Amino acid sequence: MRAIFMGTPDFSVPVLTAMKEAGHDMLAAVTQPDKPKGRGKEMQMTPVKAKALELGIPVLQPKRVRDPEFVEQLRELKPDVMVVVAFGQILTKEVLEVPKYGCINVHASLLPMYRGAAPIQYVILNGEKETGVTTMFMDEGLDTGDMLLKTVVPITADETGGTLHDKLSAAGAELLIRTLEQMEAGTLQRIPQTGETCYVGTLKKSMGEMDWSRPAEELERQVRGLNPWPSAYTFLNGKTLKIWKAEVLHTEAVSSQEAEEPEALADRKSCGSVIVISRDSIQVQTGDGILAIRELQLEGKKRMTADAFLRGYPVEAGTILGRTAEE
């Protein structure tokens with residue numbers, strides 16, 4: 001098929017690659033403009049642009065995809081289909097009507113649930129057991145178009161936002177190719193979205209701050225869901241402390257360690273209090289249960305295991321994690 005691809009981040013790249021390998025006539029890859037990045041503020045191309053150039057696909061980078069001049073440029077390409085994967089701009093009716101067979105979106109959730117920008121992270125934050133990818137025909141709403149195909153991806157107990165991102169990206173590429181095959185064969189069925197739904201907005205850095213009054217299970221999901229960005233974090237003696245890996249402990253396990261190390265006891269009622277220092281963890285009282293920190297990173301330092309951290313930065317039972325009253 002004569003196809004135009006629209007996408008920007010790493011998540012989009014496997015779909016673009018799969019379309020090229022499947023033999024579709026890739027007329028163009030549309031992506032966001034290059035942006036300055038890093039300390040040197042050097043201009044950096046998007047992951048989609050880098051892959052498109054590698055694959056020999058023409059690249060278009062409009063500041064606004066709705067501009068009449070750009071819409072006309074799309075029309076002149078006469079695409080059969082446009083595939084959109086995390087592009088980063090809202091498509092107007094004029095853009096959606098350009099391709100002969102419409103615009104297909106690859107969305108990283110099992111619609112109609114988890115519409116919006118951050119479904120990958122929110123399914124972990126909310127404790128879901130499975131998620132997946134949905135292809136859909138795009139309309140003028142936000143992730144409201146008719147569904148086409150779905151694939152289910154289980155969420156493992158140690159799943160992070162990063163690992164799930166990669167799984168769904170690969171699953172989305174395979175699903176999109178099947179969707180285009182059925183489109184060419186005329187066998188695609190459109191299924192309107194009905195029933196319960198929710199919208200999840202973009203991630204913000206502030207979402208990573210840990211509220212120790214919340215249950216340990218929720219905090220553990222926060223650690224996994226926001227890994228690698230924006231990451232879960234707290235404060236230790238006024239410095240930012242990122243938490244990369246944690247585990248919810250049963251009360252019995254904590255009691256056993258306390259019996260062996262009575263000097264490590266602290267006030268259980270104080271949320272954010274370090275109550276036990278073990279060989280491989282820093283155990284913290286939460287609003288409900290104990291959270292054992294296994295991997296962490298102090299501001300200005302490398303990411304390391306709790307064991308390595310404690311050898312260079314002693315933490316005592318009774319230490320309070322989080323912002324102080326002065327802060």
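On a predicted model such as this, the values are computed, not experimentally measured, just so you know. Position 1 is the first residue of the sequence; numbering continues from there.
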Q. How is the hydrophobic cluster of Phe87 composed, in terms of its other members, when Ile, Leu, Val, Met, Phe, Trp and Tyr link through side-chain heavy atoms under 4.5 Å apart, directly or indirectly?
A. Ile4, Met6, Leu27, Val30, Leu60, Val65, Phe70, Val71, Leu74, Leu77, Met82, Val84, Leu91, Val95, Leu96, Val98, Met138

Q | Side chains of Gln32 and Gln61 in contact at under 4.5 Å (non-hydrogen atoms) | A | no

Q.
Strictly distance-based, threshold 3.5 Å: is any side-chain N or O of Ser281 a donor or acceptor partner for the main-chain N or O of Ser278?
A. no

Q | Arg294 bridged to Glu247 by N-O distance under 4.0 Å | A | yes

Q. Would you say the side-chain atoms of His107 pair up with the backbone N or O of Tyr114, donor to acceptor, closer than 3.5 Å?
A. yes

Q: To the nearest 0.5 Å, tell me how far Tyr233 OH sits from Met207 CE.
A: 10.5 Å

Q.
Do the side chains of Glu209 and Arg323 get close enough for a salt bridge, i.e. N-O under 4.0 angstrom?
A. yes

**Q.** Electrostatic pair Arg2:Asp25 at N-O distance under 4.0 angstrom
**A.** yes

Q.
Looking at Glu159 and Thr156, would you say the former's side chain and the latter's main chain have a donor-acceptor pair under 3.5 Å?
A. yes

Q | Crowding at CD, Glu217 (>12 non-hydrogen neighbours, <6.0 Å) | A | no

Q. Of the non-hydrogen atoms in Ala108 and Ile120, which two are nearest, and what is the gap between them?
A. CB-CG1, 3.8 Å

Q.
Apply the hydrophobic cluster definition, ILVMFWY joined by side-chain contacts under 4.5 Å directly or through others, and give me every member besides Leu110.
A. Val152

Q.
To the closest 0.5 Å, what do you measure between CZ (Arg178) and CG (Leu148)?
A. 11.5 Å

Q) Is Arg115 salt-bridged to Asp143, going by a charged N under 4.0 Å from an acidic O? A) no

Q: Using modelled atom types only, decide if a donor and an acceptor are shared between the side chain of Thr134 and the backbone of Leu111 within a distance under 3.5 Å.
A: yes

Q | Side chain proximity check, Phe137 to Cys103, heavy atoms < 4.5 angstrom | A | no

**Q.** Ser270 side-chain N/O to Ser273 backbone N/O, donor-acceptor pair under 3.5 Å
**A.** no

**Q.** Side chain Thr286, main chain Ser213, donor-acceptor under 3.5 Å
**A.** no

Q) Does the Thr197 side chain pair with the main chain of Pro112, one donor and one acceptor, at a distance under 3.5 Å? A) yes

**Q.** Salt-bridge present (Lys63, Asp67; N to O < 4.0 Å)
**A.** no

Q) Are Glu54 and Lys51 ion-paired here, with the side-chain N under 4.0 Å from a carboxylate O? A) yes

(Q) Donor-acceptor pair, distance only, cut-off 3.5 Å: does the side chain of Thr151 make one with the backbone of Leu175? (A) no

**Q.** Value rounded to 0.5 Å, distance of CD in Gln193 from CG in Asp139
**A.** 8.0 Å

Q) Are Asp307 and Arg279 ion-paired here, with the side-chain N under 4.0 Å from a carboxylate O? A) no

Q. Do any N or O atoms from the side chain of Gln297 and from the backbone of Lys301 form a donor-acceptor pair under 3.5 angstrom?
A. yes

Q. Is the shortest distance from a Lys or Arg side-chain nitrogen in Glu295 or Arg303 to a carboxylate oxygen in the other one below 4.0 Å?
A. yes

**Q.** Pair Asp158 + Arg224: basic N to acidic O under 4.0 Å
**A.** no

Q. Does the side chain of Leu321 come within less than 4.5 Å of Ile293's, by heavy atoms?
A. yes

Q.
Testing Met26, Met19, His24 one by one against Val83 for a side chain to side chain contact (heavy atoms under 4.5 Å, CB included), which residue passes?
A. Met19

Q: Answer yes if Met210 and Ile124 sit in the same cluster of Ile, Leu, Val, Met, Phe, Trp and Tyr residues linked by side chain heavy atoms under 4.5 Å apart, and no otherwise.
A: no

**Q.** Any residue meeting ring-ring contact (aromatic ring centres under 6.0 Å, His included) with Tyr122, in chain and number order, not counting sequence neighbours
**A.** none

Q. Yes or no on side-chain hydrogen bond (donor to acceptor under 3.5 Å, both in side chains) for Trp244 and Ser231, after CA distance, side-chain angles and deciding distance?
A. CA-CA 7 Å; Trp244 291 111; Ser231 76; over 6 Å; no

